[in-house]
Amino acid sequence: MAFSNKHGRQERRMPACYVMVTGAVFLAFFLVAVWVFSAPSEVPEEGVSLVSDDVKNEGRNSDGSSETQVSGDDLQVTTGDSEDNTGDNSNDTQGGDEEDRLSENGNQQDTESSSSSSLDRSETEEEDTEKKTDQGDTTTDEDSSAAESEPVEKKSGEETEEPTEEDEKAEEEKVGEKPEEKKESLSTDDDLPVVGAEQADLTTENKEGASSWDTQAKESKTEKDLTDSSDKEAEDEATSFAAEEKTGEDEEQQEEPSSAAAVKEEVDEIKTENEAGVHSYEWKACAFEGAQDYIPCLDNGDYLAHNATRKHFEHRERHCPDKDAPTCLVPLPAGYKPHIPWPTSRDEIWYDNVPHDGLASYKADQNWVKKKSDKLTFPGGGTQFKNGVEHYIDYLEKILPEISWGKHTRVLLDVGCGMASFGGYLFNRDVIAMSFAPKDEHEAQVQMALERGIPAISSVMGTQRLVYPSNVFDVVHCARCRVPWHLDGGLLLLELNRILRPGGLFVWSATPVYQDTEEDQYLWNATIAVTESMSWKMLVKDTDYSTSIGAAIFQKPKDNELYESREEESPPICLEDDNPDAAWYVKMTPCIHRIPTTAHSEWPAEWPLRLNSTPAWLSKSDKGLYGNTAPDDFEVDAAHWENVVQKSYLTGLDIDWNNIRNIMDMKADYGGFAAALISQPVWVMNIMPTSEPDTLPIIFDRGLIGMYHDWCEPHSTYPRSYDLLHANHLLSSIDKKCSLENLVLEMDRILRPDGWAIFRDEVEVLKKVQEMVTSLHWDVRVMYTMKGEELLAAQKRFWRPDASA
Ligand SMILES: *[C@@H]1O[C@H](CO)[C@@H](O)[C@H](O)[C@H]1NC(C)=O
Ligand SMILES: *[C@@H]1O[C@H](CO)[C@@H](O)[C@H](O)[C@H]1NC(C)=O
Ligand SMILES: *[C@@H]1O[C@H](CO)[C@@H](O)[C@H](O)[C@H]1NC(C)=O
């Protein structure tokens, strides 16, 4: 019942555009907003103070007292279903040892009707509503009384009110002069401030021309053409790769339009339009098996059913459905609850939120995840971390002090991360770890990691490059990950070589390093042969006698000298026109990319200085995203987002930041948004859309993490894995390429219930978005229009369509 009310309330729609209201308060906020929306015309001191002690506090709010009672997990990732590996040599797994292979019957809890959990939530939602009403809230257009009386205009009074009054006054002054100033200081093709209608026309294509950077799509396309043509020669060498098969598929993947069009058509079927031109939608819950954990491009049943080639984990790579992509909504697991906040979530999560106990029961005798009544706990121990994760982290720094966590080492990639406890504990050391593991049907390790509030992504070392630029990771770590590094001419190790910074480290902690069975010896010998052939230097090999666990740490060369002095040119140096940054559906090639001879190969400043240091390789002769010189653009962007985050997002949008942990910036530009949040106990996945000028290397240089993604396709993350999605001028560019509806649906999939989305975009585009999110029962909390640009902040709720519908 509560729901039909809510539904009714939500159905009332407000006009998308608001007019100015009078009154000092509103005027004040209007002015604040002008400032927030306007260009960061002054860069100076303000932005600089960013790197302060605050920076060091990132992730430090974990309970220090629990440090001795360390939790850990076993990093042995497995792919779960052993039948998938039929025919594979047992060496050829990225999972655990045979004895660690997870049992098949990882109990996948059936999705019960989501309605029961929805009902559980209705109380809370009503409270929310009450609260707003009490405040006489004028902001939210779903407020029924307000909506009824007049289709008029309110500016987000309540929400924007939060900036303190002092701020307001101060801002008011600044604001008075800002807009004009800005117009002078920014060139016309600057789209950052987006002040006028003419700005709204700024398309990706325009921008592509405007900045000095190619888009990832273009880089990858070129790269693919290249690989395709060199395929014939390469085929003999290329070991057992199903090259042709793969190539054919790549082409399919690259050609968005047809699939996007198919999807768009389908969305059109669920959409109707009334006389007023207002659309309404009818949503269904996804009803197929495993729907609650659905990742469209990784759960491609069709592919799994028809394509037997799994030798290189092709079946764990992305295969997006190219037609009949469901437009249904992923259901909630029965009993789903608001997530436990960080840092408590590092050690315990609700079982009902990730109801997979295969690991807990399989590893019952070990200590890496336990089911304790209604929770899964991560108490410490496990094969890899016998004395706990923190002991292991200290141990690595002890055997190689240069690793210098949180200073020299800031950005780490954890391969085959298990539950990502390593990454979870590295937050205490000011290190941000991108963890990944293959998606398997039953165990959902990455899902648990995300539920814990630890950065993770479903991904696999298969046949395609990882979706990161070259030369960006300070350290790559692999503990018990059982990746067959020695096979295929060291292909997978060469991929790590591509993404490691010059002088970057590979930490390998697996039985071949510290055990002596014949198989271990064989693997050690074979892997060492590969590392030597690619001129990696082994800096240390050690066994920790208190745990009998050890590690070998290798270093990628800092320049090309070692390559030139190799006795044998094998693996070969990559072709000149093989772009090392091309990484979107680009097949791995067994070659060594030369180390850039520019400043690009220099190690960035120590953390936290590097966060706001303009990368040394950004040249004045490069044109930035907004049309100025790249270094200027970078600084303008940093100051802009610092401002917006401080003045608006943190205080003005009514977001309860205590419940925000996992954030995705869906179009990250220079990473300014993430940098401005650095003192919050959150982490940001910076997405570099493949259609945007590729500035992802800059983001990594700042000590932040990110990845490439094409928003015409679903993302590789789990449903309900992010608390906040930031879409800055993303949807307008998508709308021209593929289905905007599909992207909003995808955001609904990714967001946790009660999670937020902040959109900044053209009014027309956000009008569509508003219609759609309202039909999805999100609460539109703030709408703010300003000279052709609009800010829309909305909160997803627990609502799901009836499973039966
Ligand atoms: C997968 O199998 C389908 C059906 O047999 C086939 O049409 C398709 O080309 C295959 N794709 C790949 C990449 O092997
Ligand atoms: C797997 O390991 C065994 C040694 O235990 C070795 O003889 C065999 O050649 C390896 N297979 C591959 C494909 O590396
Ligand atoms: C590994 O290499 C060492 C030293 O070259 C050699 O003594 C040993 O027999 C090798 N082991 C295997 C299993 O190949």
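The residues of the chain are indexed from 1 along the displayed sequence. Order of listing sets the numbers, starting from 1, for every ligand and every atom in it. This is a predicted model, so every value here is computed, not measured.
Counting only heavy atoms, the protein gets under 4.0 Å from atom 10 (C) of ligand 3. There is a protein heavy atom closer than 4.0 angstrom to atom 2 (O) of ligand 3. Protein heavy atoms come within 4.0 Å of atom 14 (O) of ligand 3.
Glu451 and Ser345 share no side-chain donor-acceptor pair at under 3.5 Å. His356 and Asp293 share a donor-acceptor pair across their side chains, judged by distance under 3.5 Å alone. With no hydrogens or angles considered, no side-chain donor-acceptor pair links Asp474 and Thr409 at under 3.5 Å.
Atoms of ligand 3 found under 4.0 Å from any heavy atom of Tyr522, numbered from 1 in the order shown, are 13 (C). Which parts of ligand 3 touch Asn525 is read off a 4.0 Å heavy-atom cut-off, strictly below it: atoms 1 (C), 2 (O), 3 (C), 8 (C), 10 (C), 11 (N), 12 (C), 14 (O).
For residues 544-582, no residue pair satisfies the ring-ring contact (aromatic ring centres under 6.0 Å, His included) rule, not counting sequence neighbours.
Taking the six-membered ring for Trp and the full ring otherwise, Trp485 and Phe506 have centroids separated by under 6.0 Å.
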